[in-house]
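What follows is a short report on a single structure.
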Amino acid sequence: MNATGLTAIDLGLRGAASGVFLLIVLVALLRRATGQQALLGIAMCAGGMFYAIATAPNLPKTAWWWVLPILSAQPAVFWLWARAAFDDDFVLRRWHGALWLSIVVFGFAITLAWANWPALAGAGGRVLALATLVLALAAAVQTVKTWRADLVARRRRLRLAMLAINVVLIATVAVAGFAAIPVAVPGAPGSLPTALGLFVVAMLAGIGLFSAPAMAVNDATAAIASGEAGRQAPAAGPAAGRVVVDPILLRRLDHLMTVERTYRQEGLAIGALAARLDVPEHRLRQAINEGLGYRNFNAFLNRYRIEDARLALSDVTQREVPVLTIAMDAGFQSIGPFNRAFKAETGMTPTEFRREALSRPDSAELSPPRREIG
């Protein structure tokens, strides 16, 4: 195939990717998605669309001086999305915005320096490529670290696939910039791999959005997940399309949690819990997700652990027991995650909760009743 044919394929892939990205952004806006995952997902899709257009072959490059510096910060947006999608405790901070802005400013500096100091600009470009690789690696680590805790099988597969494609795409562009390899040079005939990568990412995002079941609760806004990964989703009955979960398995699971207090086991993983119940891991995932409405294994465990801690903090006889000891006894491995999970559940820190609970004569009634299963 000649260069004209390759360019036509390149442009076609970029056009299709841009159209899907634009549709995803419009649907997300129509849904009035305001969560940090959704907003970062919209930013990712918008960036992907503009990158596909701005770096297309034969497109006038007069606007590169301001377009490319902004697009060079897309890996930072992708890294933040991965954090928001896969880390239940993640909250956007001001320094995250400062990081994005610093990359944009650095990109502008490189662009402006290119005419007069090409060697310096080239070194700056390699630094920017290295930062891109680091952000891509950080996003991959975040996904792998929390992937097993995700209980929604379809979302686990889709997110993992999409993240892998994104990381490969970002890494390809970064390596090309770092080593001055023309394979991903914007606008060059060799940019076809980049166009193909953008098209695959767009299609995965579209599948995540448009094939999502109607009963899914924020399951995917553009696969880029406005999904409340880790938060409890309301359970739906068989009429809504959910699989009927074995009630005996749910009762056995409840017994392990409420009677044997298996949640106190340090580093408890879903595989170990499935072994205790002598069931395949995928069946246990389905039971917790479809039967109880949880989409994250850690959130499921934390329900019992937080309740355990509330009982202990409300117990007058344990007034002198350190909060850290109570957290460790409940199954938490450190004080930081315990404090965050406890405050998210109760709106108070453990110390504040204990002070208020012990100041009331009916403090023992502060703990909510356990939900019966079956």
Side-chain angles (χ1 to χ4, degrees), residues 35-37 83-91 142-143 145-152 155-156 217-219 225 227-235 250 252-274 276-277 281 284-315 318 321-354 357 366-373:
Q36 60 183 13
Q37 293 145 312
R83 291 290 310 277
F86 298 106
D87 184 353
D88 302 335
D89 299 322
F90 176 76
V91 177
Q142 179 63 45
T143 303
K145 185 171 68 173
T146 57
W147 177 68
R148 286 188 61 83
D150 194 343
L151 297 174
V152 184
R155 186 181 64 196
R156 291 170 72 229
V217 180
N218 291 329
D219 205 20
E228 300 294 328
R231 290 182 172 81
Q232 184 177 353
L250 293 178
R252 292 175 60 204
L253 177 61
D254 184 56
H255 179 83
L256 276 182
M257 294 293 108
T258 58
V259 179
E260 299 186 26
R261 298 183 179 183
T262 306
Y263 58 85
R264 288 185 167 188
Q265 179 181 326
E266 182 178 353
L268 179 63
I270 192 167
L273 188 59
R276 287 284 302 273
L277 291 166
E281 185 176 317
L284 181 58
R285 288 181 182 276
Q286 182 189 65
I288 300 175
N289 174 234
E290 298 287 348
L292 303 179
Y294 288 93
R295 299 163 62 180
N296 183 281
F297 183 65
N298 293 330
F300 167 72
L301 292 179
N302 284 351
R303 169 208 164 190
Y304 295 95
R305 289 169 174 172
I306 294 298
E307 184 177 350
D308 193 319
R310 290 176 66 171
L311 286 170
L313 292 169
S314 303
D315 188 353
Q318 300 189 54
V321 178
V323 172
L324 176 59
T325 301
I326 290 176
M328 301 289 281
D329 288 344
F332 288 92
Q333 297 182 341
S334 61
I335 193 64
F338 170 67
N339 284 337
R340 289 191 294 269
F342 193 93
K343 188 168 185 178
E345 177 70 23
T346 66
M348 294 182 284
T349 66
T351 302
E352 292 170 344
F353 179 86
R354 168 182 268 177
L366 289 176
S367 179
R370 297 186 185 273
R371 180 176 61 179
E372 294 297 329
I373 296 177

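If you read the sequence from its start, that first residue is 1, and numbering goes on from there.
Ion pairing between R264 and D329 fails under the 4.0 Å rule for side-chain N and carboxylate O.
To the nearest 0.5 Å, the span separating CZ on R295 from CD1 on I288 amounts to 14.5 Å. In this structure, CD in E260 is found 11.0 Å from CG in D254, a value given to the nearest 0.5 Å. Of the inter-residue distances, the one linking M257 atom CE with L301 atom CG reads 6.5 Å to the nearest 0.5 angstrom. One distance of note links CD of Q318 with CG of L311; it measures 9.0 Å at 0.5 Å rounding. A distance of 6.0 Å separates CZ of F300 from CG of L292, quoted to the nearest 0.5 Å.
The two residues I306 and A341 come nearest to each other via the heavy atoms CD1-C, 3.9 Å. Nearest heavy atoms, F297 versus I270: CE2-N, 3.5 Å. Looking at every heavy atom in both residues, A309 comes nearest to F338 through CB-CE1, 3.6 Å. Between A327 and I335, the shortest heavy-atom contact is CB-CD1, 4.4 Å. Smallest separation of non-hydrogen atoms from R354 and V323: NH1-CG2, 4.2 Å. In terms of heavy-atom proximity, N296 sits nearest to N298 at OD1-N, 2.8 Å.
Neither side chain, Y263 nor N302, offers a donor N or O lying under 3.5 Å from an acceptor on the other.
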Would you be so kind as to tabulate the donor-acceptor pairs closer than 3.5 Å made by side chains of residues 342-350, with sequence neighbours excluded?
residue : atom : partner : partner atom : Å
T346    : OG1  : F342    : O            : 2.8
T346    : OG1  : M348    : N            : 3.2
T346    : OG1  : M348    : O            : 3.1
T349    : OG1  : E352    : N            : 3.2
T349    : OG1  : E352    : OE1          : 3.4

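In this structure the side chain of D308 never reaches within 4.5 angstrom of the side chain of R303, judged on heavy atoms.
Side-chain atoms of R261 never come within 3.5 Å of backbone atoms of L256 as a donor-acceptor pair (strictly under, hydrogens ignored). Side-chain atoms of S314 come within 3.5 Å of backbone atoms of R310 as a donor-acceptor pair (strictly under, hydrogens ignored).
No option in T262, L253, L284 other than T262 meets the side chain to side chain contact (heavy atoms under 4.5 Å, CB included) test with R276.
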